[in-house]
Trainee: 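Before I ask anything, let me first share the structure, which is written out below as structure tokens.
Protein chains get the first letters and strands the later ones, always in sequence-line order, with residue 1 at the start of each.
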Amino acid sequence: MTAMPETPAAVPSLLHAPVIDWFDEHARDLPWRRPEAGAWGVMVSEFMLQQTPVNRVLPVYEEWLARWPRPAALAAEPPGEAVRAWGRLGYPRRALRLHAAASAIAEQHGGEVPSDHAQLLALPGVGEYTAAAVASFAYGQRHAVLDTNVRRVFARAVSGAQYPPNATTAAERRLARALLPDEEPVAARWAAATMELGALVCTARTPACGRCPIADRCVWRAAGSPAHDGPPRRGQTYAGTDRQVRGKLLAVLREAVAPVPQQALDAVWDEPVQRARALDGLVSDGLVEPLPDGTYRLPLT
DNA sequence: TAAACGTGGCA
DNA sequence: TTGCCAAGTTT
């Protein structure tokens, strides 16, 4: 047994009401939160929102749901169409995985997004967070939903740290479970509310503590809002990386209506070794399909 | 466990 | 201007 900070039994009841009441008043009217979105709408939004801001997701989400209102509709199209419709959301493998998830749902779940957490987790592109989010937001179940927002809220309000650890820890999962309201619908509301609080008030850089419903119970604030001490948070480099080259290559293919000759791809990056490596990577990832005549296109299968 | 994986807005 | 950050997952 590792000595872990205990969560006093009184803590949850002191946090639930103010956070949920705040959510009742300040929740954004996002399309995937409306009843008509359904579980499929929730799932599409969760894929798109992985590492991507809400404002950038909104227009693409609307296009997707209008074009593919059900999983089977998406599954009936080539995966390349999903990649094309993904636009510039970034991390296009998510489009491929969402297409694969839709196929699995169509073939193995009767076309309905499963409500079972384990079945959700087994879908391509669905990890710990997304499985809990879909089960909670779409089906009202009681799960610890630990995304970057919730982790930050708990780190500050309960653990007294400015930022959570780089990777989700067992202690964080334990804490999230301990804080979960007992009643299923309340727990689902709590999950959405804590996430929204992190997104709108308890933000990473400049938290708006003046608008926080639990500022007077925040351990981090009570400690004087000390700066993050631990190891530096892992930054992402981008310029000059294979990722940037992959992005440029795929952008050409997204815009093309016909297979693209090698020459058109060569034009996006002048360093041939890195360019070839990036293209190979896209092909092995299934994002690009090489044709026998030496041209390339988004995958038909 | 750490690194790979896009893109763009904001302080 | 540049680095940080955004509803993570996979290998």
Trainee: Looking only at side-chain N and O atoms, does A:Tyr91 come under 4.0 Å of OP1 or OP2 in C:dT10?
Mentor: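 So the side-chain polar atoms of A:Tyr91 never come under 4.0 Å of the phosphate oxygens OP1 or OP2 of C:dT10.
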
Trainee: Look at A:Arg88 and B:dG8 and indicate whether a side-chain polar atom (N or O) is within less than 4.0 Å of OP1 or OP2.
Mentor: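 The answer is yes; a side-chain N or O of A:Arg88 sits under 4.0 Å from OP1 or OP2.
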
Trainee: Select base, sugar-phosphate, or nothing to describe what A:Gly90 touches, counting heavy atoms under 4.0 Å on all strands.
Mentor: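 Here A:Gly90 touches the bases of the nucleic acid.
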
Trainee: Verify the neighbour count for atom CD of A:Glu25: are there more than 12 heavy atoms of other residues, nucleotides or ligands below 6.0 Å?
Mentor: no

Trainee: With a non-hydrogen cut-off below 4.0 angstrom, is A:Ala204 in contact with a base, only sugar-phosphate, or nothing?
Mentor: sugar-phosphate

Trainee: Quick check: any donor-acceptor pair below 3.5 Å linking the side-chain of A:Thr52 to the base of B:dG6?
Mentor: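 A donor-acceptor contact between them is present.
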
Trainee: Taking for each residue the nucleotide of DNA chain C with the nearest heavy atom, is it A:Pro53 or A:Gly125 whose nucleotide lies nearer the 5' end?
Mentor: A:Pro53

Trainee: Give A:Tyr163 one of three labels, base, sugar-phosphate or nothing, depending on what nucleic acid heavy atoms sit under 4.0 Å from its own.
Mentor: sugar-phosphate

Trainee: Quick check for you: among C:dT9, C:dA7, B:dA11, whose closest atom lies nearest to any side-chain atom of A:Arg205?
Mentor: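 Among C:dT9, C:dA7, B:dA11, the one nearest the side chain of A:Arg205 is B:dA11.
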
Trainee: What's A:Leu30 touching, base or sugar-phosphate or nothing? Going by heavy atoms closer than 4.0 Å.
Mentor: base

Trainee: Inspect the surroundings of CZ in A:Arg33 and state if more than 12 heavy atoms from other residues, nucleotides or ligands are less than 6.0 Å away.
Mentor: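 Atom CZ in A:Arg33 is crowded, with more than 12 foreign heavy atoms closer than 6.0 Å.
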
Trainee: If you take any heavy atom closer than 4.0 Å to DNA chain C, which residues from residues 241-259 of chain A end up in contact?
Mentor: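 Here the set is empty: none.
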
Trainee: Looking at A:Glu183, I'd like to know if its CD atom is crowded, meaning that more than 12 non-hydrogen atoms belonging to other residues, nucleotides or ligands lie closer than 6.0 Å.
Mentor: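 No, CD of A:Glu183 has 12 or fewer neighbouring heavy atoms, counting only those of other groups under 6.0 Å.
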
Trainee: What do the steps show when you test A:Tyr139 against A:Val113 for side-chain contact (heavy atoms from CB on, under 4.5 Å), and what is the final call?
Mentor: CA-CA 10 Å; A:Tyr139 294 111; A:Val113 175; 3.8 Å; yes

Trainee: Would you kindly give the CZ-to-P distance between A:Arg28 and C:dA6, to the nearest whole Å?
Mentor: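 After rounding, the reported distance stands at 12 Å.
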
Trainee: Can you check the A:Leu89 CG to C:dT9 C1' distance for me, whole Å?
Mentor: 16 Å

Trainee: Does the distance from a Lys or Arg side-chain N to an Asp or Glu carboxylate O, for A:Arg84 and A:Glu77, drop under 4.0 Å?
Mentor: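 Here A:Arg84 does not pair with A:Glu77 in a salt bridge, since their nearest N and O are not under 4.0 Å apart.
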
Trainee: Round to the nearest Å and state the distance from A:Arg94 atom CZ to B:dT7 atom P.
Mentor: 10 Å

Trainee: Just N and O in the side chain of A:Gln51: are any of them under 4.0 Å from OP1 or OP2 of C:dG8?
Mentor: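 It does, given that an N or O in the side chain of A:Gln51 lies less than 4.0 Å from OP1 or OP2 of C:dG8.
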
Trainee: Test your reading of the model: is there a side-chain donor-acceptor pair from A:Arg275 to the backbone of A:Trp269, 3.5 Å cut-off?
Mentor: yes

Trainee: Rounded at 0.5 Å granularity, tell me how far CG in A:Leu49 sits from CZ in A:Arg56.
Mentor: 11.5 Å

Trainee: How long is the line joining CZ of A:Arg173 and C1' of C:dG8, in whole Å?
Mentor: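 Whole-Å distance recorded here is 13 Å.
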
Trainee: Select from A:Thr206 and A:Arg93 the residue whose nearest nucleotide in DNA chain B is closer to the 5' end of that strand.
Mentor: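 So the residue in question is A:Arg93.
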
Trainee: Just the rounded figure in Å: distance from P of C:dA6 to CG of A:Leu146.
Mentor: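 Interatomic distance, CG of A:Leu146 to P of C:dA6: 15 Å.
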
Trainee: Measuring only the P atom in each nucleotide, how far is C:dT1 from B:dG6? A whole number of Å is fine.
Mentor: 26 Å

Trainee: Measuring only the P atom in each nucleotide, how far is C:dA7 from B:dA4? A whole number of Å is fine.
Mentor: 23 Å

Trainee: Hey, what's the ring geometry for A:His16 with A:Trp190, parallel, tilted or perpendicular (30° and 60° as the breaks)?
Mentor: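 Because their plane-to-plane angle is over 60°, the rings of A:His16 and A:Trp190 count as perpendicular.
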
Trainee: Categorize A:Trp86 for me: base, sugar-phosphate, or nothing, with a 4.0 angstrom heavy-atom threshold over every strand shown.
Mentor: nothing

Trainee: Of all the choices, C:dT9, C:dA7, B:dG8, which nucleotide is nearest to the side chain of A:Glu46 once you look at every atom?
Mentor: C:dA7

Trainee: How close or far is atom P of C:dG8 from atom CG of A:Asn149, stated in whole angstroms?
Mentor: 7 Å

Trainee: Classify A:Val126 by what it touches in the nucleic acid, base, sugar-phosphate, or nothing, heavy-atom distance under 4.0 Å.
Mentor: sugar-phosphate

Trainee: Tell me the interatomic distance from A:Asn55, atom CG, to C:dA7, atom P, rounded to whole angstroms.
Mentor: 11 Å

Trainee: Roughly how far apart, to the nearest Å, are B:dT1 and C:dA6 at atom C1'?
Mentor: 23 Å

Trainee: Taking A:Ala157's backbone N and O only, do any of them form a donor-acceptor pair with A:Arg217's side chain (distance below 3.5 Å, no angle check)?
Mentor: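 No, the answer is negative, given that no donor and acceptor are paired below the 3.5 Å cut-off.
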
Trainee: Hey, does A:Ser45 reach any base, or is it just sugar-phosphate, or nothing, if we go heavy atoms under 4.0 Å?
Mentor: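 A:Ser45: no heavy atom of the nucleic acid under 4.0 Å.
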
Trainee: Taking donor-acceptor contacts at under 3.5 Å, does the side chain of A:Arg56 reach the base of B:dT7?
Mentor: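 Present.
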
Trainee: Using atom CG of A:Leu58 as one end and atom P of B:dT7 as the other, report the distance to the nearest whole Å.
Mentor: 19 Å

Trainee: Using a 4.0 Å heavy-atom cut-off, does A:Arg151 contact any base of the nucleic acid, only the sugar-phosphate backbone, or nothing at all?
Mentor: nothing

